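Each ligand, and each atom within it, is numbered from 1 in the order the structure gives. Everything quoted here is computed from the prediction, not taken from an experiment.
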Amino acid sequence: MKIYISGKYFEKEDAKVSVFDHGFLYGDGIFEGMRSYGGKVFRLRDHFDRLWESARSLMLTIPVTVDVLEKAVDETLKINGISDGYLRLIVTRGSGTLGLDAHLCRDPQIIIIADHLALYPKEYYEKGLEIVTASTIRTNPAMLGPQIKSMNYLNNILAKIEGYQAGCVEVLMLNSKGEVAECSGDNIFIFKRNKLHTPPPDAGILEGITRRVVLELAAELGMKIKETPMTRHDIYTAEECFLTGSAAELIPVVKLDGRIIGNGQPGVVTKKLLERFQAETKK
Ligand code: PMP
């Protein structure tokens, strides 16, 4: 495996950044998790838009142009011979002192890792996931924007630990108002009374690229869509529920907090949207 670090390629064992990098010291950096299909990164420009928006919000200067970064991403895929894979793109604040001062960080690092896929087992897609609600509340946007895909994922990691303790691979996170936000690494949708519902960006979520594609595809299929605040009651009483994310694509959820959703099987709308999504990745 060859890993790109700021213009050079390194073997996995030699791919290292400084312990003084504020990405390492403070989680001061940003990232994207992307999928490639047939050797091409899916919705690369959307990922770049989100990366540059995260950078702007954190006053972090990405030290290359979009074109240079696009070339580096494509090259990393090719060098590693990966066609259908997963990519991690990271931009750190760079090395500084042990203090918090971001102005002293002068060499932001760009890291690109292209790997084979580690997907959820097929069985989860066929049977659907059982998830629980975490007591860990999703980061309040008044503290730090959940739209920023930062290298500090402790909020999500703490929630995911709760999930594992309950025997679940994903976990629902609420916002500080008690509304549904998203899962630890995926956005959430329900289908109820002929309408697709998903929490709006101001519920305090990461605005997923997969979420956006699903909303586009649902609109193309003529479905009614409502981006609306939701409570757990809405999920307990939904006909269908599914999660979206670059790695998972669309994955059905059949149980939340012990309540069976719909008939306890992945629903027809979920299956149809997954089919349409997979067709989109082949374009
Ligand atoms: N929410 C969170 C917290 C995430 O980390 C992710 C990405 N893993 C998503 C939602 C889904 O985003 P995307 O569809 O862009 O992968």
- [ ] Just grab all the salt bridge (Lys or Arg N to Asp or Glu O under 4.0 Å) pairs involving residues 204-226, residues at least two apart or on different chains.
- [x]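 Listed once each, the pairs are Arg43-Glu216, Asp46-Arg212, Arg211-Glu227, Glu220-Arg276.
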Open item on the list: Whether the side chain of Asn175 engages the backbone of Ala203 through a donor-acceptor N/O pair (distance < 3.5 Å, no angle test) should be reported.
Closed with: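 Here the side-chain-to-backbone pair exists.
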Task: Any donor-acceptor pair under 3.5 Å from Glu182 side chain to Ile205 backbone - done: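 Such a contact is absent between Glu182 side chain and Ile205 backbone.
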- [ ] State, with a plain yes or no, whether a side-chain heavy atom of Thr76 is found less than 4.5 Å away from one of Ile3.
- [x]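 The answer is no; the side chains never approach within 4.5 Å.
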Task: For Phe242, the option from Asp186, Leu196, Asn187 that meets side-chain contact (heavy atoms from CB on, under 4.5 Å) - done: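 The side-chain contact (heavy atoms from CB on, under 4.5 Å) with Phe242 is passed solely by Leu196 among Asp186, Leu196, Asn187.
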TODO: With a 4.0 angstrom cut-off on heavy atoms, strictly below it, pick out the residues next to ligand 1 and order them by chain and number.
DONE: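 These residues qualify: Arg50, Arg138, Lys149, Tyr153, Asn156, Glu182, Ser184, Gly185, Asp186, Asn187, Leu206, Gly208, Ile209, Thr210, Thr244, Gly245, Ser246.
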Open item on the list: Checking side-chain polar atoms at under 3.5 Å, does Glu170 have a donor or acceptor matched by the opposite partner on Ser184?
Closed with: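 Yes, side-chain donor-acceptor contact under 3.5 Å.
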